[in-house]
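Reading through the structure tokens given below for one structure.
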2 protein chains.
Amino acid sequence: MAKKKSPLSDEALVLVARRFAVLAEPMRLRLLQALFDGEMSVGALAEAAAGTQANVSRHLQTLADAGLVSRRKEGLQVFYAIADPSIFQLCELVCGSIDQQNQARAKVFQ
Amino acid sequence: MAKKKSPLSDEALVLVARRFAVLAEPMRLRLLQALFDGEMSVGALAEAAAGTQANVSRHLQTLADAGLVSRRKEGLQVFYAIADPSIFQLCELVCGSIDQQNQARAKVFQ
DNA sequence: TTCATGTTTGAGTGATTAAGCATATACTCA
DNA sequence: TGAGTATATGCTTAATCACTCAAACATGAA
């Protein structure tokens, strides 16, 4: 029995904004994109996303705090994986919207 | 003939991140929510979102720059309206994801 | 013209945060 | 035990950005 179409409370909007903020960093998007094909270790992610190990570790922590990725420790390494499949649709939606805007802009110049 | 599943370039990811950043502010989400029922003037939006006119005007500019809202001037007033319908699905997706996470968290405590 | 209203914009302040560097923690193996 | 590897974390710096106040701009009426 899901509620429908009622305006969100201020606290809910803060949560939504927070979720968007987590996705508002190119490095974190690179990490998520690298994880699209499956789980990876921090070191592998650092290499894939062309970042320092410390920085990547921090970003992964942010993603994990938001519940977007999961953490699995195995020996020395820590493997991260996408935990929220809605990420895929989210990125598709945004990319599609940006594409559409670009095409509309392109039409202005014929 | 849309391209599919290819990894996004760094510049594309920056654009996507920018789009998310625009949505990562509670005040802007409040404005968008107020606009869900149709176009509104800046003054009306300021009242609906409980913000100062100056601040609301700036946020509307940010939303307009991102192509999320459109601007229509009529006499003294300026009316804004949602220009990118993907916003609706975007918010639904994020809200659904947050809901799901909260329910999962709730289950942990039975 | 002058006045009033609605909107935008300039300047300044404070808060948030990404990134870098160094260090600390956790684990494995010899 | 100690050395080596993978990851996380203090701490600092620089940049970004939301917000406020005041002033500017734009439009319409008297």
Side-chain angles (χ1 to χ4, degrees), chain A residues 10-11 13-35 38-81 83, chain B residues 10-11 13-35 38-81 83:
Chain A
D10 268 24
E11 307 100 54
L13 285 180
V14 170
L15 289 180
V16 174
R18 183 112 203 104
R19 165 68 53 101
F20 280 128
V22 171
L23 296 170
E25 204 60 29
M27 172 62 80
R28 283 196 284 270
L29 292 180
R30 282 209 295 273
L31 293 173
L32 288 172
Q33 188 168 247
L35 290 174
E39 70 172 11
M40 293 176 81
S41 71
V42 177
L45 281 167
E47 187 170 11
T52 66
Q53 181 266 327
N55 198 30
V56 165
S57 174
R58 258 187 242 280
H59 282 300
L60 288 169
Q61 171 109 4
T62 301
L63 290 169
D65 287 347
L68 298 182
V69 301
S70 62
R71 216 184 94 110
R72 183 176 69 86
K73 199 166 186 176
E74 181 179 313
L76 272 181
Q77 307 186 60
V78 176
F79 290 91
Y80 285 88
Chain B
D10 268 24
E11 308 100 55
L13 286 180
V14 171
L15 288 181
V16 174
R18 183 113 204 100
R19 166 66 54 101
F20 281 128
V22 171
L23 296 170
E25 204 60 31
M27 172 61 82
R28 285 197 284 270
L29 293 180
R30 281 209 296 272
L31 293 173
L32 287 173
Q33 188 168 246
L35 289 173
E39 70 172 11
M40 290 176 83
S41 71
V42 177
L45 281 167
E47 187 171 11
T52 66
Q53 196 193 41
N55 198 30
V56 165
S57 174
R58 262 186 238 280
H59 283 302
L60 289 170
Q61 173 108 10
T62 300
L63 290 169
D65 286 347
L68 299 182
V69 301
S70 62
R71 213 184 96 109
R72 182 176 70 84
K73 198 164 186 178
E74 183 179 313
L76 272 180
Q77 308 187 62
V78 175
F79 290 91
Y80 285 87

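Just so you know, these numbers use all the heavy atoms, side chains as well, and skip hydrogens, waters and symmetry mates. Proteins get letters first, then strands, A, B, ... in listed order; numbering begins at 1 in each.
In terms of heavy-atom proximity, Gly51(A) sits nearest to Met27(A) at CA-CE, 3.9 Å. Of all non-hydrogen atoms in Val56(B) and Ala46(B), the two that sit nearest each other are CG2-CA, 3.7 Å. The heavy-atom pair separating Ala34(A) from Met40(A) by the smallest distance is O-SD, 3.4 Å.
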Listed pairs under 3.5 Å, donor-acceptor, residues 61-76 of chain B side chains, sequence neighbours left out:
{"residue": "Thr62(B)", "atom": "OG1", "partner": "Arg58(B)", "partner atom": "O", "Å": "3.3"}
{"residue": "Arg72(B)", "atom": "NE", "partner": "Glu39(B)", "partner atom": "OE1", "Å": "3.2"}
{"residue": "Arg72(B)", "atom": "NH1", "partner": "Glu74(B)", "partner atom": "OE1", "Å": "2.6"}
{"residue": "Arg72(B)", "atom": "NH2", "partner": "Glu39(B)", "partner atom": "OE2", "Å": "2.5"}
{"residue": "Arg72(B)", "atom": "NH2", "partner": "Glu74(B)", "partner atom": "OE1", "Å": "3.3"}

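Each of dT17(C), dT20(D), dA6(D) was ranked by its minimum atom distance to the side chain of Gln77(A); first place goes to dA6(D). Comparing atom distances between the Arg18(A) side chain and each of dG20(C), dT7(D), dT17(C) picks out dT17(C) as nearest. Counting only heavy atoms from C-beta on, Asn55(B) has its side chain closest to dC19(D) among dC19(D), dA8(D), dT8(C). Among the nucleotides dA8(D), dT20(D), dT9(C), the one closest to the side chain of Ser57(B) is dT9(C).
Counting any heavy atom pair closer than 4.0 Å across all strands shown, Tyr80(A) reaches sugar-phosphate atoms only and no base atom.
One can place CG of Asp65(B) at 12 Å from P of dC17(D), the figure rounded to the nearest angstrom. One atom, CZ of Phe79(B), and another, P of dT8(C), lie 12 Å apart when rounded to the nearest Å. In this structure, Leu31(B) places its CG atom 12 Å from P of dA18(D), rounding to the nearest Å. Rounding to whole angstrom units, CZ of residue Arg72(A) and P of dA6(D) are separated by 16 Å. Across the protein-nucleic acid pair, Phe20(A) atom CZ and dC17(D) atom P stand 17 Å apart, rounded to whole Å. Summarising the geometry, the separation between CZ on Arg71(A) and C1' on dA6(D) is reported as 11 Å, rounded to the nearest angstrom. The separation between Leu45(A) atom CG and dA6(D) atom P is 14 Å, rounded to whole Å. The interatomic distance linking Gln61(A) (CD) with dA18(C) (P) rounds to 12 Å, in whole Å.
Rounded to the nearest 0.5 Å, atoms CZ (Phe79(A)) and CG (Leu60(A)) are 12.5 Å apart. Here Phe20(B) contributes atom CZ and Leu29(A) contributes atom CG; the two are 6.5 Å apart, rounded to the nearest 0.5 Å.
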Worksheet item: Can you give one letter per nucleotide of nucleotides 23-30 of chain C, going 5' to 3': B for a protein heavy atom under 4.0 Å from the base, S for sugar-phosphate only, - for none?
Response: ---BBS--
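Judged by distance alone with a 3.5 Å cut-off, a donor-acceptor contact links the side chain of Arg58(B) to the base of dT20(D).
Between Leu23(A) and Leu23(B) there is no side-chain heavy-atom pair separated by less than 4.5 Å.
Contact check of residues 22-30 of chain B against DNA chain D (heavy atom, cut-off under 4.0 Å) returns Glu25(B), Arg28(B).
Listed pair His59(B) / dC19(D) meets the phosphate criterion, a side-chain N or O lying under 4.0 Å from OP1 or OP2.
Under the side chain to side chain donor-acceptor pair (under 3.5 Å) test applied with His59(B), the options Glu25(B), Arg28(B), Arg30(B) reduce to a single match, Arg28(B).
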